[in-house]
Asks: 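First the structure, which I've put down as structure tokens, then a few questions once you've had a look.
Within every chain, numbering begins at 1; the chains are lettered A, B, ... in the order of the sequence lines, protein sequences first and strands thereafter. Everything numeric here is computed off the predicted structure, so don't read it as measured data. Any value given below was found using the heavy atoms of this structure, including those in side chains, with hydrogens, waters and symmetry copies removed.
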2 protein chains.
Amino acid sequence: MAHTTVERNEDLVRIIRAAGLKVTAPRLAVLEALQQAPHSSAEHLLLSVLPALPGTSAQAVYGVLAAFTEAGLVRRFDPPGTAALFECRVGDNHHHLLCIRCGKVTDVDCVVGAAPCLSPSDSSGFAVLSAEVTFNGICPQCRNAS
Amino acid sequence: MAHTTVERNEDLVRIIRAAGLKVTAPRLAVLEALQQAPHSSAEHLLLSVLPALPGTSAQAVYGVLAAFTEAGLVRRFDPPGTAALFECRVGDNHHHLLCIRCGKVTDVDCVVGAAPCLSPSDSSGFAVLSAEVTFNGICPQCRNAS
DNA sequence: GCGTTGTTTTGAATTATTCAAAATAAGATC
DNA sequence: GATCTTATTTTGAATAATTCAAAACAACGC
């Protein structure tokens with residue numbers, strides 16, 4: 001195997017510290033949970049973290065996620081009508097397939113190479129910083145179910 | 001001028017009826033407000049409608065918007081961290097420029113012709129129905145202010 | 001005009017998220 | 001290694017957009 005548990009933990013420590021953030025137990029736990037289950041909601045992350053770290057508060061998770069997002073460590077994705085999702089795949093301009101039935105989210109690489117999705121045809125004077133592309137559809141499981 | 005008030009009103013009636021919906025005062029008022037101010041929130045629409053139609057409830061507006069969205073008459077746009085916005089420009093696969101400072105939304109036509117934004121490179125078995133593209137940036141006003 | 005069905009009102013509940021202050025712990029400094 | 005500063009977490013509550021449910025009402029077809 002590539003990494004022992006301790007080594008993985010040291011990786012997490014490095015990642016958090018490199019972002020200029022203090023290393024704390026909630027942060028390590030949230031980051032690890034996020035690596036194991038991308039596109040997780042704050043609530044789901046709290047539930048993942050609680051067994052190992054009883055007493056962790058929802059606000060701690062929100063705080064961790066806010067700090068990570070601010071630091072560019074995680075990316076926030078807001079599907080309409082549900083809780084926000086978080087993922088640690090970041091900085092690669094990837095997009096999302098969203099199942100409108102079950103809410104499942106799948107990553108998808110940028111449509112045509114790298115550039116097109118980042119520049120609108122007419123930016124109307126806006127300084128464009130990023131592009132969010134979401135494809136709405138029905139996932140394989142939900143297709144079969146109907 | 002192209003249309004008198006009455007003529008415009010008759011257009012609205014036709015639009016609503018063509019969607020298979022009953023024509024009611026709240027629906028006419030919301031649709032008219034939406035045509036005059038695209039990218040409006042439910043609250044903003046309620047405020048626009050109240051002077052002409054006192055006693056209109058917020059739930060009426062939500063109900064109208066749900067019916068319109070369901071019928072394909074309006075499109076809902078959910079910017080992260082704020083109330084949902086609604087617009088009646090629909091069916092043309094246009095996208096949005098969103099100012100991350102002030103929340104201003106501007107329409108932008110599809111990036112490269114029509115097709116590219118509608119098909120991901122790998123749809124992972126999803127039946128893709130639509131694509132939402134949002135460009136995040138700073139609008140001209142906010143650029144000048146800083 | 002009348003009845004059916006869909007819409008609006010009324011009133012309340014829900015849910016994700018944020019705010020604020022006090023308690024605590026991480027990391028720098030001595 | 002102890003101490004201090006500052007960031008983080010806990011605790012407790014508030015907010016805000018939206019939805020739910022039942023009763024009153026109004027549109028449209030006959």
Asks: Show which side-chain atoms of residues 18-28 of chain A pair as donor or acceptor with protein atoms under 3.5 Å away, not counting sequence neighbours.
Replies:
from, atom 1, to, atom 2, distance (Å)
Thr24(A), OG1, Arg27(A), N, 3.3
Arg27(A), NH1, Lys22(A), O, 2.9

Asks: Give every pair of a protein N or O atom and an N or O atom of nucleotides 11-15 of chain C that lie under 3.5 Å apart, one pair per line with the distance.
Replies:
from, atom 1, to, atom 2, distance (Å)
dG11(C), O6, Gln59(B), NE2, 3.1
dA12(C), N6, Gln59(B), NE2, 3.3

Asks: Report each atom pair, protein N/O against N/O of nucleotides 2-7 of chain C, whose distance is under 3.5 angstrom.
Replies:
from, atom 1, to, atom 2, distance (Å)
dT5(C), O2, Lys22(B), NZ, 3.0
dG6(C), O4', Lys22(B), NZ, 3.2
dT7(C), OP1, Arg27(B), NH1, 2.7
dT7(C), OP1, Arg27(B), NH2, 2.8
dT7(C), O5', Arg27(B), NH2, 3.1

Asks: At under 4.0 Å, does any side-chain N or O of Tyr62(B) touch on OP1 or OP2 of dT19(D)?
Replies: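 False: Tyr62(B) side-chain N/O out of range (4.0 Å or more) of dT19(D) OP1/OP2.
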
Asks: Which of residues 38-52 of chain B have a heavy atom under 4.0 Å from DNA chain D?
Replies: none

Asks: Is it true that atom NE2 of His44(B) has more than 12 heavy atoms of other residues, nucleotides or ligands lying nearer than 6.0 Å?
Replies: no

Asks: Reading DNA chain D 5' to 3', what string of ( ), [ ], | and . shows its pairs, if Watson-Crick and G-U wobble pairs count only when both distances fall under 3.5 Å?
Replies: ||||||||||||||||||||||||||||||

Asks: Report yes if at least one side-chain N or O of Arg76(A) is closer than 4.0 Å to OP1 or OP2 of dT17(C); otherwise report no.
Replies: yes

Asks: Can I get a per-line list of side-chain donor-acceptor pairs under 3.5 Å for residues 50-73 of chain A, giving both atom names and the distance, sequence neighbours left out?
Replies:
from, atom 1, to, atom 2, distance (Å)
Thr56(A), OG1, Leu53(A), O, 2.5
Ser57(A), OG, Ala60(A), N, 3.1
Thr69(A), OG1, Leu65(A), O, 2.6

Asks: For Gln141(A), which residues count as a side chain to side chain donor-acceptor pair (under 3.5 Å) partner, sequence neighbours excluded?
Replies: Lys104(A)

Asks: Can you tell me which residue pairs pass the salt bridge (charged side-chain N to carboxylate O under 4.0 Å, His left out) test with a partner in residues 80-89 of chain A, sequence neighbours excluded?
Replies: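 Output for this query lists Arg75(A)-Glu87(A), Arg89(A)-Asp92(A), Arg89(A)-Asp107(A), Arg89(A)-Asp109(A).
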
Asks: Scan residues 81-90 of chain A against DNA chain C and write down, sorted by residue number, each residue with any heavy atom closer than 4.0 Å; if none is found, say none.
Replies: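 Ala83(A), Ala84(A), in order of number.
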
Asks: What is the distance from CD1 of Ile16(A) to C1' of dG27(C), rounded to the nearest Å?
Replies: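 Between C1' of dG27(C) and CD1 of Ile16(A): 14 Å.
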
Asks: Can you tell me how far C1' of dT19(D) sits from CD of Glu70(B), to the nearest Å?
Replies: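 Value for this atom pair: 15 Å.
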
Asks: Tell me, please, which residues at least two apart from Arg101(B) pass side chain to side chain donor-acceptor pair (under 3.5 Å).
Replies: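 Partners of Arg101(B) by the side chain to side chain donor-acceptor pair (under 3.5 Å) criterion come out as none, since no residue qualifies.
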
Asks: Give me the other members of the hydrophobic cluster that Val105(B) sits in, counting Ile, Leu, Val, Met, Phe, Trp and Tyr linked by side-chain heavy atoms under 4.5 Å, directly or via other members.
Replies: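 Val105(B) clusters with Phe77(B), Leu85(B), Leu98(B).
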
Asks: Where each residue is assigned the nucleotide of DNA chain D containing its nearest heavy atom, which of Arg17(B) and Ala58(B) is assigned the position nearer the 5′ end?
Replies: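 Upstream on the strand: Ala58(B).
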
Asks: Which residues pass the side chain to side chain donor-acceptor pair (under 3.5 Å) test with Arg76(B), sequence neighbours left out?
Replies: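 Result, side chain to side chain donor-acceptor pair (under 3.5 Å) vs Arg76(B): Asp78(B).
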
